> 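Below are the structure tokens for one structure; questions will follow.
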Amino acid sequence: MLKVDFGGCSSFVKDAEYQEYLDKALSALDVLENESGAGNDFLGWKHLPTQTPETLIADCEAIRDSWKSKGVDLVVVIGIGGSYLGAKCAVEALSHSFAKQLAAKKDAPEVVFAGNNLSEEYIAELIDLMAERNVAAVVISKSGTTTEPAVAFRLIKQHIEARYGAKEAAERIVAVTDAHKGALKSLSTQEGYRTFVIEDNVGGRFSVLTPVGILPIVLAGFDMRAMLKGAAEMERLTAERSRTNPAVEYAAMRNLLYGKGKKIEILVSYNPKLQYLGEWWKQLFGESEGKDGKGIFPASVNFTTDLHSMGQYIQDGERILMETVVSVEKSNRSVTISDDPQNLDGLNFLTGKHVEECNAMAELGTKLAHIDGGVPQLSVSIEKIDEYNLGALFYFFEKSCGVSAYILGVNPFNQPGVEAYKKNMFALLGKPGYEAQAKALHERLGK
Ligand code: PA5
């Protein structure tokens with residue numbers, strides 16, 4: 001099970017200070033558990049692991065099986081932000097690193113993502129790929145009105161309809177959206193798409209354990225029941241009013257360090273499969289805490305890769321950093337380093353060692369070096385990368401985020417700051433209703 005360890009912070013904080021922050025974290029936990037804090041109408045995520053009905057997973061599996069019977073080998077999942085990052089994280093973490101290149105026939109379709117950018121090249125190249133494959137699509141948008149997925153979906157829908165006809169297209173497109181409102185809901189009703197609902201009380205970045213994550217993860221061939229089981233274990237553990245509740249401990253320590261000037265928290269992993277855990281985590285904490293002029297800035301790196309790019313700054317740059325290392329205790333694969341009689345590379349001292357042992361020593365050595373360099377180390381460890389542990393990580397970070405934001409004194413569940421760019425973009429693109437803003441922006445830009 002997931003464990004936290006803050007031994008790597010002991011030279012930066014006094015125990016009395018930590019105890020004080022644990023008290024603050026426990027009060028914040030009370031607010032979250034009593035549902036009495038800001039944004040308390042968005043707490044539907046808290047009991048998803050234990051309250052997700054079996055029928056939801058069975059419905060996702062039915063879609064997986066019906067697409068399999070049609071020979072679908074490419075599923076395009078369209079969404080952005082919270083409607084993208086959780087599924088992307090799970091698919092990256094759980095897939096074979098070279099799944100696309102492996103010759104062996106796969107049981108599950110390849111899952112690719114779209115609608116998470118506005119790049120013309122990306123969408124054109126995706127359509128090139130779709131043209132060669134047997135395609136289905138999942139379009140995910142809670143609001144049903146987000147520009148990036150809506151633009152991508154318009155193009156992908158047209159491609160699928162042109163290839164298979166409107167009736168068959170409706171069999172190959174599933175929508176995940178609000179129960180009643182939004183353009184995607186109206187479109188789905190009109191076209192007869194199967195739909196899954198994102199409940200009103202779950203915000204985008206807390207939605208990985210709703211159909212937003214469940215459907216793509218099931219379609220990609222992974223065990224959603226095991227993921228919910230890992231999350232359920234965390235739901236139980238992190239509800240306890242205890243000084244050893246890992247979410248309380250993590251929220252307390254990161255806020256204590258923030259108060260000491262550690263304004264940036266870097267999520268570190270030593271396995272490239274966890275790169276998108278960093279992306280998901282950045283959205284979760286960045287959008288939840290970065291408001292009212294406050295909040296730890298979330299960043300992420302993958303070591304040892306980024307030790308050769310970001311290592312210098314982390315060791316020696318401005319001392320405003322803390323690191324949270326997601327450690328994986330056991331590798332799922334086994335490769336030992338072989339002997340070389342010539343030993344020209346001088347590496348025979350490693351003969352017989354597992355590659356992961358080198359990784360573990362790199363992790364330990366880096367930890368000590370970074371502590372010496374003034375970077376506190378928070379550790380979150382899991383046994384191995386699998387569905388169960390990923391579910392535990394998702395829930396652990398969600399709960400920690402809620403507690404942490406309440407310690408900070410912000411509403412974790414709104415995101416007023418993301419509207420500014422959208423309004424400017426709509427005005428510059430000539431959306432009806434934005435004429436005055438367009439005029440002001442053009443004057444400002446001198447055209
Ligand atoms: O966390 C959030 O609320 C956002 O990141 C949303 O998930 C993102 O903007 C996508 O929104 P929607 O699902 O409404 O298209």
Side-chain angles (χ1 to χ4, degrees), residues 38-46 48 76-90 113-118 123 137-157 173-188 193 195-217 276-291 295 298 300 394-395 397-402 404-405 410-426 431:
N40 62 5
D41 42 348
F42 282 97
L43 293 174
W45 56 272
K46 275 199 318 176
L48 288 171
V76 183
V77 176
I78 303 152
I80 195 166
S83 292
Y84 155 59
L85 286 162
K88 173 76 175 170
C89 165
F113 293 86
N116 52 63
N117 61 66
L118 283 170
I123 193 78
V138 178
V139 54
I140 306 173
S141 177
K142 182 171 187 220
S143 62
T145 55
T146 308
T147 310
E148 291 90 336
V151 168
F153 182 55
R154 180 182 279 218
L155 294 161
I156 289 163
K157 173 179 183 287
I173 294 172
V174 174
V176 183
T177 191
D178 188 89
H180 309 289
K181 51 185 193 300
L184 181 57
K185 175 65 193 166
S186 323
L187 186 73
S188 303
Y193 299 153
T195 55
F196 288 84
V197 170
I198 313 169
E199 298 296 344
D200 285 346
N201 61 0
V202 185
R205 57 193 174 274
F206 288 82
S207 69
V208 59
L209 301 176
T210 71
V212 169
I214 294 177
L215 179 59
I217 292 168
Y276 272 86
L277 178 70
E279 299 304 319
W280 174 83
W281 173 89
K282 283 190 287 193
Q283 190 217 1
L284 178 67
F285 279 88
E287 253 183 28
S288 300
E289 292 191 319
K291 52 196 71 156
S300 66
F394 282 142
Y395 193 88
F397 280 127
E398 287 177 354
K399 193 66 174 276
S400 304
C401 183
S404 198
V410 298
N411 176 353
F413 307 112
N414 65 2
Q415 52 284 326
V418 298
E419 292 310 311
Y421 99 89
K422 289 185 192 168
K423 287 182 187 147
N424 285 349
M425 176 178 74
F426 290 147
K431 186 171 179 174

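In what follows, residues are counted from 1 in the order of the sequence shown. These numbers come from a predicted model, not from an experiment. Atoms within each ligand, like the ligands themselves, are counted from 1 in listed order.
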> Have a look at Arg205 and tell me which of Gln415, Glu398, Gln283 forms a side chain to side chain donor-acceptor pair (under 3.5 Å) with it.
Gln415
> Could you tell me whether atom 14 (O) of ligand 1 has at least one protein heavy atom nearer than 4.0 Å?
yes
> Measure the shortest side-chain to side-chain distance between Ile214 and Phe196 over non-hydrogen atoms and say whether it is less than 4.5 angstrom.
no
> Decide whether the shortest distance between a heavy atom of Gln283 and an atom of ligand 1 is less than 4.0 Å.
yes
> State the atoms of ligand 1, each with its element, that fall below the 4.0 Å cut-off from a heavy-atom position in Ser143.
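It comes down to these atoms of ligand 1: 12 (P), 14 (O), 15 (O).
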> Taking the inter-plane angle between the rings of Tyr395 and Trp45 on a 0 to 90° scale, is it parallel (under 30°), tilted (30 to 60°) or perpendicular (over 60°)?
tilted
> Using a 4.0 Å cutoff against the non-hydrogen atoms of Ser83, which atoms of ligand 1 qualify?
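Answer, ordered by atom number: 7 (O), 12 (P), 13 (O).
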> Write out the residue and atom name of the closest protein heavy atom to atom 10 (C) of ligand 1, then the distance separating them to 0.1 Å.
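The answer is Ile80 O, 3.2 Å.
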> So, do Phe206 and Phe42 have ring centers that fall under 6.0 Å from each other?
no
> In terms of residue, atom name and distance, what is the protein heavy atom nearest to atom 2 (C) of ligand 1?
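The answer is Glu287 OE1, 3.2 Å.
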> Ser207 pairs by side-chain contact (heavy atoms from CB on, under 4.5 Å) with which of Val212, Val176, Leu48, Leu85?
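That would be Val212.
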> Quick check: Thr146 and ligand 1, any N/O pair under 3.5 Å apart?
yes
> Say whether Gly82, considering both its backbone and side-chain N or O atoms, lies within less than 3.5 Å of an N or O atom on ligand 1.
yes
> Looking at Lys181, I want to see if its NZ is surrounded by more than 12 non-hydrogen atoms of other residues, nucleotides or ligands under 6.0 Å.
no
